[in-house]
Structures are given as C-alpha cells and as structure tokens.
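I have placed the structure first, in the form of structure tokens, so that the comments after it can refer back to it.
The structure displayed is predicted, hence computed values, not measured ones. A, B, ... follow the sequence lines: proteins, then strands. Residue 1 opens every chain. Note: hydrogens, waters and symmetry copies are ignored here, and every other heavy atom, side chains too, is used.
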Amino acid sequence: MNITGLDVETTEFGGNITSRNAKMEGLALAYSKDLTEYHTDPSKWIIPEYIVAHHAKFDLLKLKQTGLNLPIKFEDTLIAAHLIDENDGHGLKHLARKYLGVQPKNYKEVDRTDVEAFSEYAKTDAKYTYLLWTKFQKELKSQDLNRVYELEKKIIPVFHDMEDYGMMVDLQSLEELGKYVSEQRLEKQRKVWELAGEEIFIDSTKVLKEFLYDRLKFRCKKLTKKGNLSTDNEALLALNHPLANAILDYREFTKMENSFTNKLPLHLDENNRIHTDYNPLGTVTGRCSSRSPNLQQTSSHSELGKKLRSCFVAPEGKKLIVADFSMQELRVLAHYSNDPLLLNSFKRGDDLHETTAKLIFNRSKISKEERFISKLINFGVIYGISPDGLHKRLQGEKVKISIYDCINFINRYFNTYKKVKDFLDTVSTAVRSRGYVRSITGRRRHLTGETKRELRQAANFTIQGTSADITKISLLNLHKELPKDAHLIGVVHDEVIIECSEEMAESVKTLTIEIMENNDFDLRVPMKVDIKVVDNWSEK
DNA sequence: GACACTGGCGCG
DNA sequence: AAAGCGCGCCAGTGTC
C-alpha cells in the first residue's frame, strides 16, 4: 500500500475556536515529493487508504467530524518524532529543517487570503510529512521503538471517543460552590486585613513579600528558585504566625475560585459536559497531559476539593465507575527490583506502608505516625528522596522528626529492601553507559546520568514510564472490550473514569477490574484495582 | 494589546 | 550550591 502525506487545514484558533471545534477548510495530500494537491472543495475530499499525518490525533479527528471516511491505515510523524527524540522540538517545520535540510515558511508568514500561496503552503506541509515518514520509519525500527509506536497510534481513537463523550458537570452545584467559595474568600481576606492592620493586596507576591519581610521584619526561611524571598506555603507555614496562616487560608479559596469554580463553566458544552483535550505524549515519561481544562489537576484532597469533585456527576439513570490502580508505581518498583519482601507484601495483599513500617521500625505493632512516615518513604524512593527532602515533607505535615532520624529511616529502608538499592544502581549504570533508559514498552528517555538529578530522573522514568504504559494498555483494552454504551470519560494517570447505565454498572465494574488487572507485560507482581460505582467523582 | 516570565499551587 | 519525579493554569508583573 502506498502512503500519502496528509494535512488538514482548518479555521484559525482563538477565542472560542479550539482544536476541538475548529472546522476543516482544506485537504492537502502528498503522493510523492513531486505530486501534491490541495482541495478546499469538500467534494474533492477523498481520503487515501494509507496516510501519514503530523499529529494524526488532530487530522483524523477533523476527518471524522467532517464525516469523511477514515484511512484504513495511518502513520504519525509527530508520535515518531517524540519517541525518537523526546527532548527535541516536535513541530513539523523544525523537523523539516533538521531532517530534510529545508527552510520552511512559518504559518505566520503566509497570507491566508492569498489562495495560491496558502495552497502552496498546505501542500508543502503534506510533502514534508510524507518525506519525514520515510526517515522515521527506518529510525523506529532500528531504534527498537515499534512496540511503543504502535501503542501510541492505537490509542488515538480511544482519546477521540473519550474527549468527544466528555464528562458531565452539575452546573447548579458548581455555581452554588462558586458562591460559597467567593463569599469565603472575602471573609478570609477580611481576616488577613484585620491581622495585618491594613488592606494589603494579598494576591501580589511582590506586595506580600515587602509587607512580611520588610515592614514586619519576619525572617523568611525560604528562597524562590530565582533567589528571592518566598511567600509560598512552606515559607508561610514556617513563620508559624496567625497572619501567615490566614494568608494560607485565603489562598486556598482564591486558588479554588480562580482555577476551578470560575473557570470550569467556561469549558462546558450545551449539555454541561466538559471535553478535556488530552495529549497522549504530553510528557517525557509517557504520561498524558491534559488541558482546556486540565482535568488531571482537579482538586481532590481537601474538603473543598471533595466538594469540587462532587460536581462531576453521572447523568440521571447513569453511574460513574471510578477505577484506580492501587499503588501502581510501587508495584512497578517491586517488579523491576524483584525484591522478595516487596513482592511478597503485594502477593499476600498486605498493606505495604504497614509492612514497611514494621520492617524499618522493627516492631509488630506500629503507630499511625510510623505508618505515615513509611508511606512517605515508600513513595519518596520513586522520586529519589533525600533525608532533607523527607524531613521537609514531614515538617510540612507537622510531623516532628529530626533530620538524623530521617537519615536513619532511609538507611533502614534500603537495608530492608536490599534489591531496591540494586535496582537503582542498575539503572544508574545502564543510563551512564547507554545514554538512555527504557520503560517496559521500550519508550526511551535520553539522559547522561552525569548528575545526581539525572540519575533520579532515570530511575523515576523507568517506574513512571512503565506505569504510564500500563495505564495506556488498559485504556486500549477497555476501549476495545467494554460494551458499546459504557464510555471511558476520563483518565488521571493511574485512574480511569467510565460512565454507563445504572443497570449495567455492576457488570461493567467486574469487567473493568478484569481488564485492568491483566496485561501482557509478565509482571512479577499482581496489579490491583480499587473501584467504585458512584453518582459523582468524589463519592466513596 | 500581545507576549513572556515568575511565583505559586492543583494533581498523580 | 543544592535540588525528590512528572505536568498545566492562574494572577501579577514586566516588556515591547
């Protein structure tokens, strides 16, 4: 089958026009480097059987939305570019310069009202895509990236359907919450002003900094990354002063108002559904990012966060099925390290944080605080935590433990789970000798491993990247195997959300567990899914 | 008015 | 010099 370069031109973005509702205006095709065409006449929009696009998620969506036939088979130079070099830019123009040695015109340099010039521009994009593919195809194969490439291709329709179906918001509840939040914000503001003795502009870090550290002479314990005096959560907490606490209170409500209660309504469609735009390759680790809105940062921990999530609902007669992998990354760590104690804890179905606490505190009965510290260390290992980091985290959680104890605990962790240390060493050696590390699907991250930071990133990539792979495979399988009227409507890294009718909820629940707990990766640990059938996203 | 940067903070 | 990993979005601020 011959491949054809394809590029869909749409209305320009801006204002209310997003990639989701931009309309198709033209179709550029490149059958070879010399034979290209561009059509603005919809009757000429005939889609070849086998195409390559740069960002197929977008182009295929437009074809679908326009009601055109989809190609039988497709390739994507954007995915390929991401996988071949995750650090480099991925724009078509950039890639054309880099791999084809040409000097493409930028979109901004082209006059859209000049029909001939714009047609030429569109055709050139299709041609570059066509030419890039011949290069990338070889690279994917020689660099052993085909498995992850196929995964990333296959997942595109999953995101199409998920984004298209969207997630329902109870607008009335959201508005009520918004009212409460804005009232509370004013109340918290009043409190701050009262304690400050004047009406300072709390939203400005500049003003705040001058007031706290110049006027009131508080001693700032933390600097920003640019070396300025910080007024963030940690810095204010350290002041241990009613005014600082009041400012933190105030911030919780401004954050909620600015980021959520005021913003989410702007993203609702006519049916009060939200259509997040996922970028399946939005991160260097293989995780998805999400935007407009970023559903993945919707508050959840605080009381206010729970109230917010309760506004995400199932429509009348339907249910949400919320399924998350229990300790996904820690299970991946157990798999890679092959540590017998970690593996056994998971195989027995024990509470890992408790297991860790018993082992590092060396007793059979452990306190809540000991479990909490162990939990922090368990998760911290994935990020390459230091005693200092652990200490700060614990301080932030109001746990009073000395830095020496932190050193001690971390040492005991590694003395207990000896093979975890071996795993970290193996990753370090590998990244230094090869210049990259791979996740379980073969996804790569290029790092030299010359700094401590890069070694942490290498270890974290192995775990986070593999976890992302596991979630993506699950999405693929769910999309394939769920009944037709059960719909994936959201994914938050290790959590998936499904909407289906009340009647089928129990069977979909069973099926979802089955699908998510089984994959073809031959892991040494069982994956476990926590799942609930609920009416809203916050319900237990 | 558009754009970039900074500090800050939400999530896993 | 020291830094725990990965993101996107907000308001305020500074600049052209």
What integer distance in Å separates [X]:[atom1] from [N]:[atom2]?
| X | N | atom1 | atom2 | answer |
| --- | --- | --- | --- | --- |
| A:Q297 | B:dC9 | CD | C1' | 8 Å |
| A:L237 | B:dG8 | CG | P | 14 Å |
| A:N87 | C:dG6 | CG | P | 11 Å |
| A:K206 | B:dT6 | NZ | P | 16 Å |
| A:I382 | C:dC7 | CD1 | C1' | 17 Å |
| A:K222 | C:dA2 | NZ | C1' | 13 Å |
| A:K225 | C:dG4 | NZ | C1' | 16 Å |
| A:Y413 | C:dG4 | OH | C1' | 14 Å |

Can you find a side chain N or O atom of [X] that sits less than 4.0 Å from OP1 or OP2 on [N]?
| X | N | value |
| --- | --- | --- |
| A:T224 | B:dG7 | yes |
| A:R445 | C:dG6 | yes |
| A:N294 | C:dC7 | no |
| A:T276 | C:dG8 | no |
| A:H301 | B:dG12 | yes |
| A:R453 | C:dG6 | yes |
| A:T254 | C:dA11 | no |
| A:S204 | C:dG12 | no |
| A:K263 | C:dA11 | yes |
| A:R393 | C:dG4 | no |

Mutual orientation of the aromatic rings belonging to A:Y278 and A:F159 [parallel < 30°, tilted 30-60°, perpendicular > 60°]: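 Plane angle between 30° and 60°, so tilted.
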A:H479-A:D161 side chain donor-acceptor pair, cut-off 3.5 Å: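 Side chains of A:H479 and A:D161: pair found under 3.5 Å.
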A:T356 and A:Y417 side chains, donor-acceptor separation under 3.5 Å: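 Per modelled atom types, A:Y417 and A:T356 side chains form a pair under 3.5 Å.
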NA contact type, [X], heavy-atom cut-off 4.0 Å: base, sugar-phosphate, or nothing?
| X | result |
| --- | --- |
| A:F461 | nothing |
| A:K255 | base |
| A:T231 | sugar-phosphate |
| A:S300 | sugar-phosphate |
| A:D324 | nothing |
| A:R287 | base |
| A:S292 | sugar-phosphate |
| A:Q464 | base |

The side chain of [X] is closest to which nucleotide in this list: [options]?
| X | options | answer |
| --- | --- | --- |
| A:V284 | C:dC7, B:dG8, C:dC10 | C:dC7 |
| A:R309 | B:dC11, C:dC5, B:dT6 | B:dC11 |
| A:S259 | C:dG6, C:dC10, B:dG7 | C:dC10 |

Ring centers of A:H353, A:F379 separated by less than 6.0 Å: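 Ring-ring flag for A:H353/A:F379: true, centres closer than 6.0 Å.
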A:Y413 and A:F409 aromatic centres sub-6.0 Å: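 When the ring centroids of A:Y413 and A:F409 are compared, they turn out to be at least 6.0 Å apart.
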N/O donor-acceptor pair under 3.5 Å between A:S433 side chain and A:A430 backbone: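 Yes: the side chain of A:S433 pairs with the backbone of A:A430.
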Which residue lies more 5' along DNA chain C, comparing A:D388 with A:S289 via nearest heavy atoms: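 Counting from the 5' end, the first nearest nucleotide belongs to A:D388.
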Over 12 non-hydrogen atoms of neighbours within 6.0 angstrom of CZ in A:R291: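 No, CZ of A:R291 has 12 or fewer neighbouring heavy atoms, counting only those of other groups under 6.0 Å.
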Complementary nucleotide for C:dG4 - Watson-Crick or wobble, under 3.5 Å: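 Base-paired to nothing in any strand shown.
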